[in-house]
Visitor: 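Sending over a structure as structure tokens; questions will come in a sec.
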Amino acid sequence: MSVPFLLRRLGSILPVLGIVLVGSFLILEAAPGDAVDAYVAQMGGADAQQLEALRQSWGLDQGPLQRFFAYVTALFSGDFGWSSAFQRPVLDVILERLPATLLLMGVSTFLAFFAGSLLGIVAGAKPHSRRDRLLSLTSLALYAVPGFWLGLVLIVIFGVTLRWLPIGGLETIASGKTGLARTADISRHLILPVAALSSVYLTLYLRLMRDRMTDLHQEMFVQALKARGISSRRIIWRHIARNAVLPVVTMLGLQAGVMLGGSVVIESVFAIPGFGRLAAEAVAKRDTALLLGVILFGAFAVIIANLLVDLAYARLDPRVRSQRQ
């Protein structure tokens, strides 16, 4: 991939983030209530003077336009504002919660993509065979199951009944574990949430890979390879699977934002203190500054994920690479 193309994609980040920021701010302004209302509701009430003092201290006494320009000006200096819900800088709160979500999403995406693609190859290697029908029916049934419901079922079976795995959190609290012991502890805590989050996307990649491989079996270049006496295993893995994986890679980038949204529910089910759960808390407490920071970081993560997918796509398809020279 050429450097000019990469620079063009990087240059599009700021305009996209600007559009996301303006749209998000307008939507939040249209919502009823603010952080002071949520705070006072938790405290049990306050008089008019206390409400006014809180709004002045949190900068909510100004008009929407003034607050927006003040927020944008602060952003250019790296200041994402003050979280009224946590009484800490927004950037500190986000950076504290972000690693947990990146770990959960990263492992879930890796499992869903590679396991789904591999099972799709197995199903598509012999279309309409018994194993193809079995995998197709299983994937369809699993796709119909909501992730949060699957997570609750996994908790009941493996956490409550069998007691094989922990039912919540990212690691054992105050365990004092370090090094490999801590890594193993975090891995055990991730098994159930990763299984719940990746299940839907795994079936999606499986179906897409299987359908694309079925179509490619009818292509002329496949028939030509068979006529030349090339083994079926080599045709499937070297030619059909490599071409079939391209739309799966494209879907991988499109699903980045959806998976980030799905992590909100999964993190709530498994009590994981991550980025998605932070967004839910910001909404509940009407913390506009924190919610805007969460949205901006989420949008940036999705943009970077799509950029990485573009790089991988160009690597897999020489035609795309030649067009971007």
Side-chain angles (χ1 to χ4, degrees), residues 1-6 9 105-145 187 190-191 194-259 302 304-325:
M1 181 175 291
S2 64
V3 175
F5 174 80
L6 186 59
R9 289 302 307 271
M105 284 185 58
V107 177
S108 299
T109 301
F110 179 86
L111 175 64
F113 178 76
F114 285 98
S117 299
L118 182 61
L119 291 174
I121 293 173
V122 173
K126 291 184 177 180
H128 311 297
S129 63
R130 181 177 299 179
R131 69 185 182 190
D132 177 28
R133 290 194 295 268
L134 178 61
L135 287 172
S136 297
L137 289 174
T138 303
S139 65
L140 184 61
L142 191 59
Y143 185 77
V145 177
S187 300
L190 280 175
I191 291 176
V194 164
L197 182 59
S198 63
S199 60
V200 174
Y201 306 100
L202 185 151
T203 59
L204 180 65
Y205 299 142
L206 188 158
R207 298 281 301 182
L208 189 60
M209 189 75 176
R210 180 262 174 198
D211 292 344
R212 181 57 181 158
M213 287 192 65
T214 301
D215 293 338
L216 287 173
H217 273 286
Q218 310 301 322
E219 293 290 335
M220 292 299 299
F221 78 92
V222 175
Q223 303 303 322
L225 291 172
K226 291 180 180 179
R228 291 171 58 186
I230 299 177
S231 65
S232 299
R233 181 184 297 272
R234 183 173 181 180
I235 293 175
I236 290 172
W237 288 97
R238 190 75 179 269
H239 300 280
I240 298 179
R242 183 169 183 177
N243 284 276
V245 80
L246 295 177
V248 183
V249 172
T250 302
M251 184 60 67
L252 182 65
L254 296 175
Q255 292 295 319
V258 180
M259 182 169 282
V302 172
I304 294 300
N306 279 272
L307 177 60
L308 294 177
V309 167
D310 277 347
L311 295 173
Y313 201 101
R315 181 71 177 177
L316 292 170
D317 193 344
R319 295 170 300 178
V320 175
R321 187 163 58 245
S322 62
Q323 292 172 2
R324 294 175 179 176
Q325 295 298 327

Visitor: With rounding to the nearest 0.5 Å, note down the distance linking CG in L208 to OG1 in T203.
Guide: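 Between L208 CG and T203 OG1, I get 11.0 Å after rounding to 0.5 Å.
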Visitor: Would you be so kind as to tabulate the donor-acceptor pairs closer than 3.5 Å made by side chains of residues 113-130, with sequence neighbours excluded?
Guide:
unit_1: S117; atom_1: OG; unit_2: F113; atom_2: O; d: 2.7
unit_1: S129; atom_1: OG; unit_2: K126; atom_2: O; d: 2.7
unit_1: S129; atom_1: OG; unit_2: D132; atom_2: N; d: 3.4

Visitor: From R238 CZ over to I235 CD1, what is the distance, rounded to the nearest 0.5 angstrom?
Guide: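 Rounded to the nearest 0.5 Å, the CZ-CD1 separation comes out at 12.0 Å.
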Visitor: Do you know which two heavy atoms are closest between S108 and S198, and how far apart they sit?
Guide: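 Here S108 and S198 meet closest at O-CB, 3.5 Å.
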Visitor: Could you give the distance from CG (L111) to CG (L197), rounded to the nearest 0.5 Å?
Guide: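 Here the rounded value is 10.0 Å.
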Visitor: When rounded to the nearest 0.5 angstrom, what is the spacing between CG in L137 and CZ in R133?
Guide: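 Taking CG in L137 and CZ in R133, the distance rounds to 9.0 Å.
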Visitor: Minimum heavy-atom separation for S199 and A196, please, with both atom names.
Guide: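 Where S199 meets A196 most closely, the heavy atoms are OG-O, 3.1 Å.
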Visitor: Nearest 0.5 Å, please: how far is CD1 in I236 from OG in S231?
Guide: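 With rounding to 0.5 Å, OG (S231) is 9.0 Å from CD1 (I236).
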Visitor: Crowded around F221 CZ? As in, over 12 foreign heavy atoms under 6.0 Å?
Guide: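 Enclosed: over 12 neighbouring heavy atoms sit under 6.0 Å from CZ of F221.
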Visitor: Could you tell me the separation between the CG atom of L225 and the CD1 atom of I240, rounded to the nearest 0.5 Å?
Guide: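 Atom-to-atom, L225:CG and I240:CD1 are 8.0 Å apart.
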Visitor: What closest approach, in Å, do V248 and A244 show between heavy atoms, and which atom pair accounts for it?
Guide: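 Looking at all heavy atoms of both residues, the closest pair is CG2-O, 3.7 Å.
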Visitor: If you count heavy atoms of other groups shown closer than 6.0 angstrom to CZ of R131, is the number above 12?
Guide: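 Enclosed: over 12 neighbouring heavy atoms sit under 6.0 Å from CZ of R131.
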